[in-house]
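Worth saying up front: this structure is predicted, and the values here are computed from it rather than measured. Here is the naming used below: chain letters follow the sequence lines, and residue numbers restart at 1 for every chain.
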Amino acid sequence: MTCTVDFNIDDTRASLAAFLGRARDIFRAGDGDQWTLDCRRARYLGPYAVALIASCVLQARLQRQRFVVYLPDQPQPLAGFLRFSGLRHLLDGESLPDPDVPENETVPLATFSGVEWNLADPVVRLIARHVELSEEDEDRLRMSMREVIHNIKDHAVSQIGGVLSAKFFRGRNEVRIAIADRGLGIPSAIRRRHPEIRDDCEVLRRVVVGGLSSKSTPRNRGLGVSNLAAAVRACGGRLILVAGGALAEVMAGTEVPTVTPLTSPFPGTAAFFTLRVGRRC
Amino acid sequence: MATRTQRLTALDYMEPTADPTDTALALAQDVIRHLREGTTVDVSFVGLRGAPSSFFNVLFGEVIDACGLDALDRRVHLEFDTETQRRTSDRSYEAARQAG
């Protein structure tokens, strides 16, 4: 099957939902299936799209699917971003540019299965080259990433582990981070302990508010996602959480998440969040 | 008789390649040891960046299981250097209290 993305995936709720719907056949693909993802007509793909596409590629390799991904080579800023993002390296083995060149604002794709303290180091290092990171900024950034990473380790049962993509937007003093897995998805994980909560949207709403736990580990209290939401609110950022058949959005200045059903479920969990950071160096 | 106070620094337990919950376990073991010896424990989180809720969940859970909630409330004092730490800790602390 061929999935064509002829629009920009511009890190918004609407464009993410549109991509998830367009790529539904890829998400449903089974062992040995064949698919093509054609993004050549998109004129913007950001870190959120990179993480989702990378998760499809890694899952496909695991399931021995035959696939082709076409990426745009225009405009030049997009082509450059896709090289620095590591997506071309993942797809074609193309050599990865040096991420430490001064003008680079993109963190290369990272996959992980552990939860080491230093997993956030590449993101922090890159941002710190561009802006002065306060201790609060750094703590908030590391904690936010870690809450998602720990959820993957504790609950996801994702054979690809997790995928991380990030980009710093210098003009906005904003970092956008996407972390995706292809595991159970939050609703299914929660229903292992709470089978009575049938609606994926209700699961996501309660998880964002906090206190709903799958108890996958004995000490789990269901606070990770709500801590992430609180951090996002505290710095004027935004969180989009996709899991199973639901999408939740948290904006600064709002206490209650907006949760909507997805037309096609996502087989896993993906957290997309923006944090405002620092003063210019 | 004045109660002795032992100061522990969480950053001393942190290794970059370690799992934060393992760090929390190691820290909790020393907190528990000092509490059992009758001392008050000051735990400083100054300089520790990115401690997630699972870190504090393990720390507080272990101490409560070993020494009780009252010991955690009265004889363990926490020092933070960011609001993010304080907020994350407070939420885990409150959840641990409510759990028993």
Margin query: Taking every non-hydrogen pair under 4.5 Å, which of A:G211, A:A120, A:S226 racks up the most with chain B?
Written below: A:S226
Which portion of [X] sits near chain A, non-hydrogen atoms under 4.5 angstrom:
X: B:F60; value: neither
X: B:T23; value: side chain
X: B:E62; value: both

Margin query: Taking atom CZ as the centre, does B:R33 end up with more than 12 heavy-atom neighbours from other residues, nucleotides or ligands that are less than 6.0 angstrom away?
Written below: yes
Next item on the list: Between chain A and each of B:N57, B:L48, B:T88, B:D81, count heavy-atom pairs under 4.5 Å; write down the option with the most.
Entry: B:N57
Note to self: Sort by residue number and list every residue of residues 144-159 of chain A having at least one heavy atom under 4.5 Å from chain B.
What the structure shows: A:R146, A:E147, A:H150, A:K153
Next item on the list: Would you please go through residues 184-191 of chain A and name the residues with a non-hydrogen atom below 4.5 Å from one of chain B, in numerical order?
Entry: none
To the nearest 0.5 Å, how far apart are [atom1] in [X] and [atom2] in [Y]?
X: A:E136; Y: B:Q85; atom1: CD; atom2: CD; result: 8.5 Å
X: B:E15; Y: A:N118; atom1: CD; atom2: CG; result: 11.0 Å
X: B:S54; Y: A:L223; atom1: OG; atom2: CG; result: 10.0 Å
X: B:D19; Y: A:E116; atom1: CG; atom2: CD; result: 7.5 Å

Note to self: For A:Y48, give me all partners under ring-ring contact (aromatic ring centres under 6.0 Å, His included), at least two apart in sequence or on another chain.
What the structure shows: A:F272
Item checked: Under the ring-ring contact (aromatic ring centres under 6.0 Å, His included) test, residues paired with A:F84 that sit two or more places apart -> none
I need the minimum non-hydrogen distance between [X] and [Y], along with the two atoms involved.
X: A:D139; Y: B:A51; value: OD1-N, 4.3 Å
X: B:R91; Y: A:V209; value: NH2-O, 3.8 Å
X: A:E135; Y: B:T82; value: O-CG2, 3.9 Å

Checklist line | Between A:W117 and B:T17, a side-chain donor and acceptor under 3.5 Å | finding: no
Checklist line | Distance-only donor-acceptor check, side chains B:T84 and A:R142, under 3.5 Å | finding: no
Note to self: Between A:R140 and B:E83 (salt bridge meaning N to carboxylate O under 4.0 Å), is one present in this structure?
What the structure shows: no
Next item on the list: Indicate yes or no: does B:R49 engage A:D137 in a salt bridge with an N to O separation below 4.0 Å.
Entry: no
